[in-house]
Amino acid sequence: MAYITGLAHDESITHDVLVVGAGLAGSWAAMTASQQGVRDIGVLSKLHPLRSHSGAAQGGIAAALNNVRPVAGTGPRGPLEAVPPGEEPPDSLELHMFDTIKGSDWLGDQDAIELMVQEAPQIIYEYERMGCVFSRLADGRIAQRRFGGHSAPRANYAADYTGHVLLHTIHEQALKQGVTFYSEWYCLDLIIEENICSGLVALDVVSGQLHLMRAKAVVFATGGYGRAWKITSNATANTGDGVAIAYNAGVPLMDMEFVQFHPTGLYGKGILMSEACRGEGGYLRNKDGERFMERYAPEKMELAPRDLVSRSEQTEIDEGRGVGADGQGVFLDMTHLGAEKIMKRLPQVHELARDFTGVDIIKEPVPIQPTAHYSMGGIPTNADCQVLADAASTPVVGFYAAGECACVSVHGANRLGTNSLLDASVFGRRAGTAVAEFVLGGAPLAAVAGDPVEKNKTRIAQYANGRSAQNPQRVAPIAAELKETMTKNVGVFRQESRLQTALADIKRLQTRFADVQIMDHGQRFNTDLLAALETEHLLTFSEVIVVSALARTESRGAHYRTDYNKRDDEDWLKHTLAHRNGVDAPVLSYKDVTIFYDRFPPQERKY
Amino acid sequence: MANHEPTQKATIRVQRFNPDVDPKPYLATFEIDITGDTTILDALELIKGTLDGSLTFRRSCRHAICGSCAMNVNGRNMLVCNRRVNALLDRQGRVTIRPLPYLPIIKDLVVDRSSFWEQYLRVKPWLIPPATNGGPMTGEYHVLPEEVEALKMAETCIMCGACYSACQVVAMNKQYIGPHALLKAFLRVLDPRDAAPAERLANVGGEDGVFRCHTIFNCIDACPKGLDPTFAIETLRKLAQKRQAFEADRLERQKSL
């Protein structure tokens with residue numbers, strides 16, 4: 001059966017492998033494990049799999065295929081041409097690796113990055129074989145474009161809806177492989193006892209029934225958490241549930257302070273306008289019409305990495321040269337690209353600008369602003385996707401993670417565009433291989449102590465009766481206030497007192513949240529309950545983000561502090577780990593970064 | 001970030017129905033403040049967050065790519081995330097939101113899409129690639145830009161269900177494969193990398209397939225992505241009548257893939 005939904009019985013369910021999340025990472029993991037002989041797999045998704053946020057990715061997926069190169073003598077903005085077969089390849093795995101390491105501001109683990117770039121071409125060819133409809137060169141090869149932070153044009157693209165075609169393709173292939181999807185099943189709790197994962201508790205949204213689901217191995221592929229901010233490119237579903245649930249179960253979270261603000265979200269809305277807009281030649285202008293990136297990254301200009309561009313924009317805005325009713329935006333100008341190029345390569349962003357701001361990007365510049373976009377931090381894993389319990393890299397038995405919710409770390413302090421679709425695909429596949437090896441190697445089904453279903457029924461009942469508080473709280477205002485403080489105080493530029501303000505706000509909101517009462521008390525498809533659970537998770541991981549950011553007294557990648565504005569390799573070339581400590585502040589520890597000092601020693605990061 | 005736009009009042013009528021407690025569906029009315037920017041989805045979120053938390057609907061990306069939020073507004077199927085309330089107010093200043101028609105209601109604006117997904121699975125949406133020796137791919141296939149053009153952007157379909165639920169044939173016959181699945185079948189049949197076009201054409205050329213379409217065009221009217229399921233169905237009808245020849249041409253084409 002392809003899709004299971006609305007199960008009314010309450011017996012527990014057992015599978016060899018349970019995957020939570022049906023985006024690229026989760027679907028690759030399930031499909032791969034099945035191909036390697038694990039037949040008993042269940043994939044949970046709180047949305048129908050085709051609604052996963054992987055589908056919103058636009059610009060491309062990176063791999064050094066060497067299909068295109070810049071036309072000689074035309075400079076970094078000039079046209080691209082196909083590389084004739086047999087000629088010197090302009091791009092290399094080594095260069096992709098270096099670009100990624102530099103993009104990460106040297107916080108990325110270089111062994112994992114090397115694996116990722118090595119597997120990249122193969123992953124693209126697999127997508128080809130699975131039927132992805134890529135954009136093509138005249139000779140039929142896959143088309144590639146320039147992208148921020150990449151020294152060669154290696155973004156393999158499908159117009160500007162690359163994530164959409166990859167997601168639909170991998171979902172279809174997982175179905176072909178016979179994978180079963182529990183569609184609209186929400187994972188509420190993870191069961192880990194004495195460092196062994198034995199399963200999870202899930203809510204079947206349609207029926208409202210809670211189920212204990214046991215497995216030999218659980219893979220989390222639950223995505224990112226941009227919804228803690230008001231202006232975000234992320235879907236409403238991106239509430240970091242997997243990250244919060246793992247943390248609550250005792251797993252540490254790594255590098256949570258590193259949150260990427262994408263430079264070009266639609267003004268006032270945060271909706272993504274792909275980096276491909278700049279990859280295809282678009283400019284950023286302030287209110288005086290100046291291409292201000294000249295002052296911040298004279299070589300790469302608009303194609304500097306995202307953290308740098310967002311800071312540049314924010315500086316222009318803060319210094320009074322912004323645009324828009326509140327002056328909180330800058331212009332993205334594509335008017336010189338021409339209608340043909342825009343309609344062929346950027347059709348979706350053309351539609352988005354038109355539908356959401358009334359601007360025709362062929363004729364006018366569109367106002368944009370930095371938008372909370374990607375979570376570099378998350379559940380720490382090794383390169384085989386095994387979740388790690390501490391700074392000594394002790395694996396949690398039977399628990400794996402891949403994709404945006406995981407932190408391997410391949411993106412370090414800042415991710416390059418087009419590397420996330422690659423990360424999710426490569427590590428989703430590696431997770432599938434790892435769980436197949438684990439299960440086929442004779443992993444036992446661990447026993448479950450106590451009654452986790454009962455515990456979660458109580459948790460849900462508390463939302464319904466509001467702990468009989470004198471003054472029951474509503475969910476929506478609490479969520480709104482969290483997003484407000486995170487946007488104001490935990491954004492592109494951070495500083496001690498604002499971070500402290502955010503932390504105090506979060507603690508206050510957590511206290512109020514204890515008295516939350518939802519309005520919908522029914523069992524059937526209760527999205528009011530989901531909103532409460534999701535908001536609880538937003539509060540949980542937001543605290544970790546702020547505490548981690550307060551502790552890191554340096555600036556690196558996307559974590560930029562105006563009070564500590566230099567990178568400090570001597571004290572801070574390390575990953576942050578945060579462990580839950582009851583209701584007290586999380587306990588921080590630090591983990592080494594894997595660096596090949598002979599090949600890619602830390603350098604100054606200039607563009 | 002303050003919104004400087006002036007507000008106006010709007011009446012939002014929403015069809016409610018919880019089978020566990022209501023004898024039948026009914027229209028609930030809410031009065032809210034909107035700006036020139038407020039989308040129908042924004043209005044639903046506002047009502048749910050502040051007035052009635054039991055109002056239930058599906059949504060996720062809010063920028064028309066995930067396909068979750070297709071509903072029936074003022075009698076027409078559409079996504080609600082990219083449509084402004086003030087552009088859809090009727091002469092009485094109201095917008096009326098109902099669930100997608102012809103599908104069983106789970107609760108309020110959430111419908112049971114089982115038949116929609118069954119038909120999607122029925123056309124085998126995955127590519128059936130050419131046979132190989134089993135080793136990994138060492139390069140991409142060569143698919144010409146004109147061959148991608150011929151797919152008429154069928155790959156941009158977000159499976160939102162607006163077309164399926166607008167189709168009069170689907171309304172009367174849930175065995176009909178439907179515009180969404182036939183558009184997917186078209187995508188695979190025309191893809192030069194697919195090795196089984198004759199089997200696919202036999203499948204959609206049968207009793208419940210392309211010959212059931214009555215060319216009513218509701219699908220084109222409803223599609224939020226501007227796609228053309230009727231064109232896809234027309235194409236498949238022609239090809240279904242010469243499927244063996246088409247497959248022979250395909251095998252020939254695949255020699256230079």
Side-chain angles (χ1 to χ4, degrees), chain A residues 2-3 47-48 50-53 55-56 65 122 124-126 128-131 133-142 158 161 164-165 168-169 172-173 175-176 206 230-231 235-237 268 271-272 325-326 328 348 351-352 355-356 474-476 518-520 522-528 531, chain B residues 1-5 18-21 37 45 48-50 52-54 56-68 82 106-108 110 112-114 117 121 124-127 129 132 136-145 147-148 151 153 155-159 187-188 191 193-194:
Chain A
Y3 300 119
L47 306 171
H48 184 278
L50 290 178
R51 315 303 180 209
S52 303
H53 200 54
L65 296 192
Q122 186 57 46
I124 307 299
Y125 300 144
E126 284 305 313
E128 168 78 288
R129 184 161 173 76
M130 293 193 285
V133 181
F134 287 108
S135 294
R136 301 281 170 168
L137 304 175
D139 66 8
R141 284 183 290 167
I142 294 171
Y161 41 81
H164 166 84
V165 299
H168 279 246
T169 301
E172 289 156 9
Q173 292 293 318
L175 289 171
K176 178 183 178 188
V206 170
K230 193 163 116 179
I231 301 290
T236 47
I271 292 170
L272 183 67
D326 284 358
Q328 294 299 306
Q348 192 188 171
E351 202 176 280
L352 290 170
D355 290 345
F356 291 97
R474 292 280 175 234
V475 175
I518 57 179
M519 291 186 258
D520 187 350
Q523 277 225 299
R524 173 189 287 256
F525 218 101
N526 191 337
T527 49
D528 207 17
Chain B
M1 170 129 67
N3 189 340
H4 293 295
E5 301 196 40
N18 182 344
D20 293 337
V21 295
D37 250 4
E45 298 275 32
K48 185 182 178 72
T50 60
D52 185 344
S54 69
T56 305
F57 48 92
R58 287 181 171 128
R59 88 298 185 235
S60 192
C61 74
R62 55 85 170 122
H63 63 85
I65 193 68
C66 75
S68 298
N82 64 355
I106 294 175
K107 182 169 156 192
D108 293 346
V110 176
D112 181 343
R113 292 162 172 263
S114 304
W117 296 119
L121 291 167
K124 297 191 185 166
W126 48 81
L127 186 86
T132 60
M137 292 273 283
T138 52
E140 69 263 61
Y141 295 126
H142 289 74
V143 177
L144 303 172
E147 290 172 320
V148 175
L151 301 174
M153 300 192 64
E155 77 276 10
T156 61
C157 168
I158 60 177
M159 287 290 162
L187 178 69
R188 294 297 172 218
D191 192 323
R193 302 166 297 179
D194 193 87

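Keep in mind that the numbers below use all heavy atoms, side chains included, and drop hydrogens, waters and symmetry copies. Throughout, protein chains are lettered first and strands after them, A, B, ... in sequence-line order, and every chain is numbered starting at 1.
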Any donor and acceptor pair, going by atom type alone, linking the side chain of [X] with main-chain N or O of [Y] inside 3.5 Å?
| X | Y | answer |
| --- | --- | --- |
| A:E128 | B:Y141 | yes |
| A:D528 | A:M519 | yes |
| A:D520 | A:T527 | no |
| B:R58 | B:V110 | no |

Can you tell which part of [X] gets under 4.5 Å to a heavy atom of chain B, answering side chain, backbone, both or neither?
| X | result |
| --- | --- |
| A:Q523 | neither |
| A:L47 | side chain |
| A:F525 | both |
| A:F356 | both |
| A:V133 | both |
| A:I124 | neither |
| A:L352 | side chain |
| A:R474 | neither |

Where does [X] contact chain A at under 4.5 Å (heavy atoms): side chain, backbone, both or neither?
| X | result |
| --- | --- |
| B:S114 | neither |
| B:V143 | both |
| B:R193 | side chain |
| B:R188 | side chain |
| B:L121 | side chain |
| B:L151 | side chain |
| B:D191 | side chain |
| B:D52 | backbone |

Heavy-atom pairs under 4.5 Å with chain B, option from [options] with the top count:
| options | value |
| --- | --- |
| A:A235, A:A138, A:A237 | A:A235 |
| A:Q122, A:M130, A:H53 | A:Q122 |
| A:G131, A:A2, A:A476, A:A531 | A:G131 |

How long is the straight-line distance from [atom2] of [Y] back to [atom1] of [X], given to the nearest 0.5 Å?
| X | Y | atom1 | atom2 | value |
| --- | --- | --- | --- | --- |
| A:L175 | A:Y3 | CG | OH | 4.5 Å |
| A:Q348 | A:E351 | CD | CD | 7.0 Å |
| B:C157 | B:M153 | SG | CE | 11.5 Å |
| A:R129 | B:L127 | CZ | CG | 8.5 Å |
| B:I65 | B:S60 | CD1 | OG | 12.0 Å |

With chain A as the partner, which of [options] has the greatest number of non-hydrogen pairs under 4.5 Å?
| options | value |
| --- | --- |
| B:M137, B:E45, B:K48 | B:M137 |
| B:E140, B:K107, B:E155 | B:E140 |
| B:L187, B:T56, B:D194 | B:T56 |
| B:N18, B:T132, B:T50, B:D108 | B:T132 |
| B:H142, B:K124, B:R113, B:E147 | B:H142 |
| B:T138, B:V148, B:V21 | B:T138 |

*Just wondering, do B:M159 and A:H168 contact through their side chains at under 4.5 Å, heavy atoms?*
yes
*Flag the pair A:R136 / A:I142 as yes when at least one side-chain heavy-atom distance between them is below 4.5 Å, and no otherwise.*
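A:R136 reaches A:I142 side chain to side chain.
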*asked:* Let's go through A:Y125 and A:L65 carefully: what are the C-alpha distance in whole Å and the side-chain angles of both, what is the deciding distance for side chain to side chain contact (heavy atoms under 4.5 Å, CB included) to 0.1 Å, and is it a yes or a no?
replied: CA-CA 10 Å; A:Y125 300 144; A:L65 296 192; 3.4 Å; yes
*Quick one: sort the A:Y161 and A:H164 rings into parallel, tilted or perpendicular, breaks at 30° and 60°.*
perpendicular
_Heavy-atom pair of closest approach, residues B:C66 and B:S68_ =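 Result for this residue pair: SG-OG, 3.2 Å.
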_Ignoring hydrogens, what is the shortest heavy-atom contact between B:L144 and A:D139? Give both atom names and the distance._
CD2-C, 4.2 Å
